[in-house]
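Okay, so here's the structure we're looking at.
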Amino acid sequence: VSQRNAAEVKRHVERLMAAKETGDSIDKKTVAWLKEIEGRIRERLVKVGLAEPSAGRMRLGEWIDTYIATRTDLKGNSLSNYERTRRSLVDYFGEDRPLESITKGDADEWRIWLATKSNRRDKNREGLSDETVRRRSGRAKQFYTAAIKRGLIENNPFEDLIGTQRGNPKRQHFVPADVIYDCIEHAPDTQWKTIIALCRFGGLRCPTEVLGLTWDDVD
């Protein structure tokens with residue numbers, strides 16, 4: 001190839017390496033180049049983890065599975081929540097929907113569907129609660145943000161959906177310290193006493209943060 005073309009490839013590869021190192025998004029020019037490149041260059045990029053085999057043709061279910069597999073930090077309920085969002089997306093759009101084909105209009109319709117027709121567990125209502133809709137919208141946005149960073153797509157159709165959680169104050173209850181001391185006293189062993197104390201007085205989430213502690217975390 002010409003020196004000019006070789007220099008262009010070099011620039012794109014350096015941008016891909018920098019994005020992988022820092023976790024930042026890939027610039028639009030490199031995303032467009034990555035979507036078009038095929039053959040030996042793509043094979044080499046895939047081999048060193050700088051590109052996906054199917055680039056912009058990645059399917060929805062395939063990408064979400066790939067993303068969740070990389071999140072080795074997710075455990076228990078956190079992992080289950082991501083999987084529930086995957087199910088909601090796949091139930092509505094289909095497993096093989098091209099990742100880049102979903103529009104902002106599609107995302108709006110999906111959110112309406114979540115709120116009105118997607119409830120599987122509660123026979124008394126068809127839709128999900130507003131808090132659940134917000135959480136799943138936020139995770140859908142997260143799936144697509146990660147895809148942008150990997151250079152699979154250029155835009156996030158879920159970016160305008162409200163994903164922040166407001167909480168339900170009616171479900172909140174203050175537990176006095178005396179009650180916790182009583183629980184600690186009646187706990188079956190030292191480990192359980194420590195777990196209760198860490199959760200109530202240390203503010204750690206259970207089980208993820210409590211069980212993730214090592215001796216290096218203790219001052």
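Listed for the Lys117 side chain is no donor-acceptor partner under 3.5 Å among the backbone atoms of Glu126.
Of the options Thr194, Val210, Ile180, a side-chain contact (heavy atoms from CB on, under 4.5 Å) to Cys199 is made by Val210 and by none of the others.
Inspection of the Tyr82 and Arg86 side chains reveals no N or O donor paired with an N or O acceptor under 3.5 Å. Side chains of Asp106 and Thr103: a donor-acceptor N/O pair is present below 3.5 angstrom, by distance only.
Here the side chains of Arg136 and Trp110 are in contact, with some heavy-atom distance below 4.5 Å. The shortest distance between side-chain heavy atoms of Arg139 and Arg135 falls below 4.5 Å. At least one side-chain heavy atom of Leu34 sits less than 4.5 Å from a side-chain heavy atom of Arg42. Annotation: side chain of Leu89 is in contact with side chain of Phe143 (closest heavy-atom distance under 4.5 Å). You'll find the side chain of Pro157 reaches within 4.5 Å of the side chain of Tyr144, heavy atoms only.
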> Given the rule in the side chain to side chain contact (heavy atoms under 4.5 Å, CB included) test, do Arg111 and Ile162 qualify, once you have shown the distances and angles that lead to the verdict?
Replying inline: CA-CA 10 Å; Arg111 185 183 176 91; Ile162 299 174; 4.1 Å; yes
> Going through the checks in order, is the side chain to side chain contact (heavy atoms under 4.5 Å, CB included) test met by Leu213 and Leu198?
Replying inline: CA-CA 11 Å; Leu213 285 177; Leu198 287 171; 3.7 Å; yes
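Remark: Arg134 fails to qualify as a cation-pi partner of Phe158 under the 6.0 Å distance and 45° angle criteria applied to the six-membered ring.
Salt-bridge formation is not detected for the pair Glu8/Arg4: no Lys NZ or Arg NE/NH1/NH2 atom is positioned less than 4.0 Å from an Asp or Glu carboxylate oxygen.
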